[in-house]
Trainee: 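One structure, pasted below without further comment.
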Amino acid sequence: MSLVLLPAVDVADGQAVRLVQGEAGTETSYGDPLAAALAWQQAGAEWIHLVDLDAAFGRGDNRELLASVVGALDVQVELSGGIRDDASLEAALSTGCRRVNIGTAALEDPAWCAKIIAEHGDKIAVGLDVRGTTLAARGWTKEGGDLWEVLDRLESEGCPRYVVTDVTKDGTLRGPNLDLLREVCARTDRPVIASGGVSSLDDLRALSTLVPDGVEGAIVGKALYAQAFTLEEALAAVSGR
Ligand SMILES: O=C(O)c1ccccc1N[C@@H]1O[C@H](COP(=O)(O)O)[C@@H](O)[C@H]1O
């Protein structure tokens, strides 16, 4: 199996943006989110990782815009940011996205998280956003507990998939945290999506070596927007071409 690539489209104030280490105020804008997503689709992406950053930061949302982006795409969408209760989950799933990524609520509302895993199974992924081994919540501005304790709990609840982000690497082009990914994969048989730090085709080749361990995919953001490589080149690299 080849590593699945998920180009990221993070949306703040109606624009596609990239942050550095998830910090508000570090935005670089890349224009219309739909245009960005369509460009990745046109280049061969099978998935888009679509994030409502305003909802993640609790400062508003881009819900209607993101719904229109999902509706206009033919590829599968992983929708993330601000999905924290029944209403936001229902709104997210009703867009037609393939799955949602739950961050803060998995840390602050374990009972609800267990309930939605039981109800929606594979449509749920949990985002493990970490600094070191401390989880981050609420737009990565609050600490959310110990990674290994939370992972043990989610395992017992049957969490179907994890999106593992090293917050310190995100948007920095400093390379993925391969050790962290290896450690998470050693503690779960569930698929893991790697996020944060991809800077080069060699990073993608390194992540591909972790596919047998359980790394199913990689979210790629800044490197694509900064044109460190094209998505076509990335897809060729992970397919061994
Ligand atoms: O993706 C980012 O750059 C990012 C930066 C700061 C906060 C969140 C970010 N991304 C996504 O938001 C979810 C968490 O949202 P929530 O806690 O469930 O509301 C996180 O997993 C990232 O996918």
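For clarity, every value in this text was computed on a predicted model and none was experimentally measured. First listed ligand is number 1; within each ligand, the first listed atom is number 1.
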Trainee: Does some non-hydrogen atom of Ala105 fall short of 4.0 Å from ligand 1?
Mentor: no
Trainee: Could you grab the distance from atom CG of Asp86 to atom CD of Glu119, nearest 0.5 Å is fine?
Mentor: 7.0 Å
Trainee: Starting from atom 10 (N) of ligand 1, locate the nearest protein heavy atom and write down its residue, its atom name and how far away it is, to 0.1 Å.
Mentor: Val51 CG1, 3.7 Å
Trainee: Identify which one of Leu34, Val77, Ile48, Thr95 satisfies the side chain to side chain contact (heavy atoms under 4.5 Å, CB included) criterion when paired with Val69.
Mentor: Leu34
Trainee: State if Gly82 counts as touching ligand 1 under the rule of any non-hydrogen atom under 4.0 Å.
Mentor: yes
Trainee: For the residue pair Tyr162 and Glu216, confirm or rule out a side-chain donor-acceptor distance under 3.5 Å.
Mentor: no
Trainee: Can you report which non-hydrogen protein atom sits closest to atom 21 (O) of ligand 1, along with the distance?
Mentor: Asp129 OD2, 2.9 Å
Trainee: Ligand 1 versus Thr165, non-hydrogen atoms closer than 4.0 Å: side chain, backbone, both, neither?
Mentor: neither
Trainee: At what distance is the nearest protein heavy atom to atom 17 (O) of ligand 1, and which residue and atom is it?
Mentor: Thr104 OG1, 2.4 Å
Trainee: Among Arg161, Arg98, His49, which residue meets the side chain to side chain donor-acceptor pair (under 3.5 Å) test with Glu78?
Mentor: His49
Trainee: Is there a continuous path of hydrophobic side-chain contacts, each under 4.5 Å between heavy atoms, that joins Ile117 to Val100?
Mentor: yes
Trainee: In terms of side-chain heavy atoms, does Asp202 have a donor or acceptor partner in Ser200 at a distance below 3.5 Å?
Mentor: no
Trainee: For atom 13 (C) of ligand 1, find the nearest protein heavy atom and state the residue, atom name and distance (0.1 Å precision).
Mentor: Ser80 OG, 3.4 Å
Trainee: Using a 6.0 Å distance limit plus a 45 degree cone around the ring axis, check whether Arg187 lies over the aromatic ring of Trp148.
Mentor: yes
Trainee: Which residue and non-hydrogen atom of the protein lie closest to atom 15 (O) of ligand 1, and at what distance in Å?
Mentor: Gly81 CA, 3.4 Å
Trainee: Decide whether Leu181 and Val126 are clustered together by the hydrophobic rule: side chain heavy atoms of Ile, Leu, Val, Met, Phe, Trp, Tyr closer than 4.5 Å, transitively.
Mentor: yes
Trainee: Give me the residue, atom name and distance of the protein heavy atom closest to atom 18 (O) of ligand 1.
Mentor: Gly103 N, 2.9 Å
Trainee: Within less than 4.0 angstrom of ligand 1, does His49 place any heavy atom?
Mentor: yes
Trainee: Side chain, backbone, both or neither: which part of Arg18 has a heavy atom under 4.0 Å from ligand 1?
Mentor: neither
Trainee: Who's the nearest protein heavy-atom neighbour of atom 1 (O) of ligand 1, and how far?
Mentor: Asp10 OD2, 3.0 Å
